Amino acid sequence: MTQLEEFTGRFYYLLHPRPTIVLITLCPDGRVNAMPASWNTPVSEEPPTVAVAVDKESYTHKCLQHHPEATINIPPANLVDAVYALGTVSGEEVDKVSKYGLKLQPSDTVKPPTWADAIGVIEAKVMKAVDIGEVTLYIFQVLKAKARKGVHTRYGWDFRKTNILLHNAGRAFYKVGNLILAKKK
Ligand SMILES: Cc1cc2nc3c(=O)[nH]c(=O)nc-3n(C[C@H](O)[C@H](O)[C@H](O)COP(=O)(O)O)c2cc1C
């Protein structure tokens, strides 16, 4: 007999918590904008691509139409307040970079800058924009991937040294917990 019951919350919470990135873009008003996004995923290794679902009402959406490049910044878990705050206001009304004192540094291959406090960044350009109702699913081609010295291995983050933000809902985030290894086959 099944133990499953209907989930009355929003369906997507069954797919949370999700790694949160901050998308940095260049906007029509000449400003740099920053928006957290947890609906993101790698798509393919060849070509190297990452998809991010961007609400059509967000300023970031306008910014990506204005300039089809972005940096996909991975913030460390201790920046939770800043990351949440960046998702509560629109860059259309507020210059988030100066309001939150974001430190930016030039990127190597794209015009949008990199968040200097991020532990990782993927520099990317829009390859495809898929229209899906209220969002555009931007498929980005990865141009370059960088990670902070000392906090990663070739398999990703070294969680003894750093942590990332997994967004659950609203103000609630998790950090990555214990390592579990599957039995060798
Ligand atoms: C942790 C977190 C994750 C979010 N994930 C997404 C997302 O994946 N896609 C999206 O369109 N908005 C997402 N949002 C909402 C946007 O960040 C929010 O609407 C933001 O204010 C848009 O900024 P902008 O108008 O300057 O682009 C998220 C917000 C938070 C706090």
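When a ligand or atom number is given, it counts from 1 through the structure's own listing order. All values below were derived from every heavy atom in this structure, side-chain atoms included, with hydrogens, water molecules and symmetry-related copies excluded. Since the structure is predicted, the reported quantities are computational estimates derived from the model, not experimental observations.
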Short N or O separations between ligand 1 and the protein, below 3.5 Å:
unit_1   : atom_1 : unit_2 : atom_2 : d
ligand 1 : 5 (N)  : S38    : N      : 3.0
ligand 1 : 8 (O)  : S38    : N      : 3.1
ligand 1 : 8 (O)  : W39    : N      : 2.9
ligand 1 : 9 (N)  : A53    : O      : 2.8
ligand 1 : 11 (O) : D55    : N      : 2.8
ligand 1 : 17 (O) : P36    : O      : 3.0
ligand 1 : 21 (O) : G87    : O      : 3.4
ligand 1 : 21 (O) : V89    : O      : 2.8
ligand 1 : 23 (O) : K96    : NZ     : 3.0
ligand 1 : 25 (O) : Y59    : N      : 2.8
ligand 1 : 25 (O) : S90    : OG     : 2.7
ligand 1 : 26 (O) : N33    : ND2    : 2.8
ligand 1 : 26 (O) : G91    : N      : 2.7
ligand 1 : 26 (O) : K96    : NZ     : 2.8
ligand 1 : 27 (O) : N33    : ND2    : 3.4
ligand 1 : 27 (O) : Y59    : N      : 3.2
ligand 1 : 27 (O) : T60    : N      : 2.8
ligand 1 : 27 (O) : T60    : OG1    : 2.6

Practice item. Could you check whether the rings of Y13 and H16 sit parallel, tilted or perpendicular, using 30° and 60° as the cut-offs? Key: perpendicular
Practice item. Would you mind listing every disulfide (SG to SG under 2.5 Å) that reaches into residues 24-76, with sequence neighbours excluded? Key: C27-C63
Review point. Counting heavy atoms not belonging to E57, are there more than 12 under 6.0 Å from its CD?
Key: no
Exercise for review: Could you list all the side-chain hydrogen bond (donor to acceptor under 3.5 Å, both in side chains) pairs where at least one residue sits in residues 174-185, not counting sequence neighbours?
Suggested key: none
Review point. With sequence neighbours left out, what residues match K128 under side-chain hydrogen bond (donor to acceptor under 3.5 Å, both in side chains)?
Key: none
Exercise for review: Tell me whether the centres of the aromatic rings in H167 and Y84 are closer together than 6.0 Å.
Suggested key: no
